[in-house]
Amino acid sequence: MTFDIVTIFPNWIRAALGTPLGEGVVKRAIDRGLLTVEVHDLRDFTQDRHRVVDDMPYGGGPGMVLKAEPLFKAVEAITAARGAPSAVVLTCPQGRRFTQREAGRLAALDRIIVLCGRYEGVDDRVRAHLATDELSIGDYVLTGGELPALVIVDAVARLVPGVVGDQESVERESFARGLLDFPQYTRPAAFRDMNVPEVLLSGHHGDIRRWRIRQAIERTLAERPDLLDQATLDDEERAILEQLRKDGDHGRR
Ligand code: SAH
């Protein structure tokens, strides 16, 4: 799978991905050839001597807007080099929310181009005629699309088969099925009078499994009840959810 990221701060992204210095899961995936991340400087797709990528907004108002042409040229150059992309993602606070489900959808694709906006945003013709997807990483405004691009690469990369060693952990995790993850503990069993729940030390796999399901559902009910509407629960989980709902208020907000 290939990501092509188009940005006016290519070094920023390269540093974050850590070509020589990087650590962690994404870096290892790149080293093992499971993932290619190519960073493109938007200024390389300008025609003028000053390599200008922005201009004043039509109709007036503060700030600058990223010009359409360099972004179109960047996508065309990447397409010429690699073939047609499976998706052209425009990072955009007005876009569809980037969720685990969205990450899963992108993880099934071959070639993804990510366009990083800056300043007041991007000439709307890019959104209307170049991007196939507009994605927002949350309801806040950042100074540019570079952090969203990295967020998207990170979340998608770990869903590419082989990138995360233990596939079970990917399937069990928060949001995978509409439930938050259960709490995890590691040694020591007692730390400053704070003890690991007894059941996890019991060695009783059935009890542990039920406790974990219950915890996951309890947490979801308390923190993110909205997730439960779309969760895919099995019979056992559904029964536990019904019971918890019957037992009363779990801090629903
Ligand atoms: N004026 C715009 C905000 C521009 S922010 C508005 O009000 O909608 C500049 C750039 O940062 C955007 O073009 C986008 O690429 C990126 N960006 C900022 N916040 C983002 C978010 N929550 N998700 C994805 N991209 C974001």
Side-chain angles (χ1 to χ4, degrees), residues 1-17 26 35 37-46 50-79 85-109 111-160 174-175 223-224 226-227:
M1 140 165 257
T2 303
F3 277 100
D4 286 287
I5 303 177
V6 181
T7 167
I8 61 166
F9 294 127
N11 290 333
W12 215 64
I13 304 252
R14 287 195 193 106
L17 292 169
V26 172
L35 190 71
V37 182
E38 191 94 28
V39 188
H40 307 266
D41 186 344
L42 183 62
R43 292 186 198 282
D44 291 345
F45 304 96
T46 53
H50 297 293
R51 297 168 34 105
V52 173
V53 291
D54 58 325
D55 207 337
M56 292 183 302
Y58 273 120
M64 301 296 269
V65 174
L66 277 190
K67 290 153 69 74
E69 188 178 29
L71 286 162
F72 273 80
K73 283 215 146 58
V75 170
E76 283 155 12
I78 294 164
T79 302
S86 343
V88 179
V89 173
L90 175 63
T91 55
C92 178
Q94 299 162 22
R96 187 166 69 240
R97 183 75 65 85
F98 181 66
T99 59
Q100 190 68 18
R101 178 173 306 197
E102 205 56 51
R105 189 178 68 78
L106 294 181
L109 305 179
R111 287 191 288 269
I112 301 174
I113 299 177
V114 185
L115 307 176
C116 303
R118 270 277 151 185
Y119 315 118
E120 289 303 306
V122 178
D123 186 303
D124 208 63
R125 286 167 288 192
V126 170
R127 184 194 60 75
H129 302 291
L130 185 63
T132 59
D133 299 82
E134 296 156 63
L135 296 178
S136 163
I137 63 163
D139 288 347
Y140 38 81
V141 177
L142 300 162
T143 55
E146 286 73 17
L147 287 170
L150 289 167
V151 166
I152 292 167
V153 168
D154 193 278
V156 172
R158 52 195 300 296
L159 297 179
V160 172
S174 295
F175 310 114
E223 301 298 330
R224 293 294 307 276
D226 56 298
L227 293 176

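We count ligands from 1, going down the list as the structure has it; atoms in each ligand are counted the same way. All figures in this text were calculated on a predicted structure; none of them were measured in a lab. Throughout, numbering of the chain's residues begins at 1 and tracks the sequence.
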Provide, to 0.1 Å, the distance between [atom] and the closest protein heavy atom, together with that atom's residue and name.
atom	answer
atom 12 (C) of ligand 1	Pro93 CD, 4.0 Å
atom 22 (N) of ligand 1	Tyr140 O, 2.8 Å
atom 25 (N) of ligand 1	Cys92 N, 3.2 Å
atom 15 (O) of ligand 1	Thr91 O, 2.8 Å
atom 1 (N) of ligand 1	Glu120 O, 2.8 Å
atom 7 (O) of ligand 1	Gln94 NE2, 4.2 Å
atom 19 (N) of ligand 1	Leu142 N, 3.0 Å

Going by the side-chain contact (heavy atoms from CB on, under 4.5 Å) test, name the single residue among Leu42, Val122, Asp55 that passes it with Lys67.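 So the option named by the test is Asp55.
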Any nitrogen or oxygen of [X] lying under 3.5 Å from a nitrogen or oxygen in ligand 1? Just yes or no.
X	result
Val141	no
Val122	no
Leu135	no
Leu115	no
Ile137	yes

Side-chain heavy atoms of Met56 within contact of Met64, under 4.5 Å: yes
Contact summary for [X] and [Y], nearest pair of heavy atoms:
X	Y	answer
Gly145	Thr91	CA-OG1, 3.3 Å
Asp123	Val65	N-CG1, 3.4 Å
Cys116	Glu146	CB-OE2, 3.5 Å
Phe3	Val114	CD2-CG2, 4.0 Å

Proximal atoms of ligand 1 relative to Gly145 (non-hydrogen, under 4.0 Å):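 Selected atoms, number and element: 11 (O), 15 (O), 16 (C).
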Using a strict cut-off of 4.0 Å, indicate which atoms of ligand 1 neighbour a heavy atom of Gly117.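 Those of ligand 1 that fall under 4.0 Å from Gly117 are 10 (C), 13 (O), 15 (O).
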Would you say [X]'s side chain and [Y]'s backbone share a donor-acceptor pair under 3.5 angstrom?
X	Y	value
Arg127	Leu90	no
Ser86	Arg111	yes
Thr132	Val88	yes

Is it the side chain (CB and beyond), the backbone, both or neither of Ser136 that lies under 4.0 Å from ligand 1, heavy atoms counted?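 It is both parts that get close, each with some atom under 4.0 Å.
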For ligand 1, is any non-hydrogen atom under 4.0 Å from Tyr119's backbone (N, CA, C, O), its side chain (CB onward), both, or neither?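 Tyr119 to ligand 1: backbone contact only, side chain stays beyond 4.0 Å.
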Applying side-chain contact (heavy atoms from CB on, under 4.5 Å), name anything that partners Arg96, two or more places apart in sequence or on another chain. Glu102, Arg105, Asp133, Leu135
Considering Ala149, Gly63, Pro148, Gly144 one by one, which has a heavy atom nearer to atom 16 (C) of ligand 1 than any of the others?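 It is Gly144 that holds the nearest heavy atom.
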Does Arg97 form a salt bridge (charged side-chain N to carboxylate O under 4.0 Å, His left out) with Asp139? I'd like the steps, not just the answer. CA-CA 8 Å; Arg97 183 75 65 85; Asp139 288 347; 3.0 Å; yes
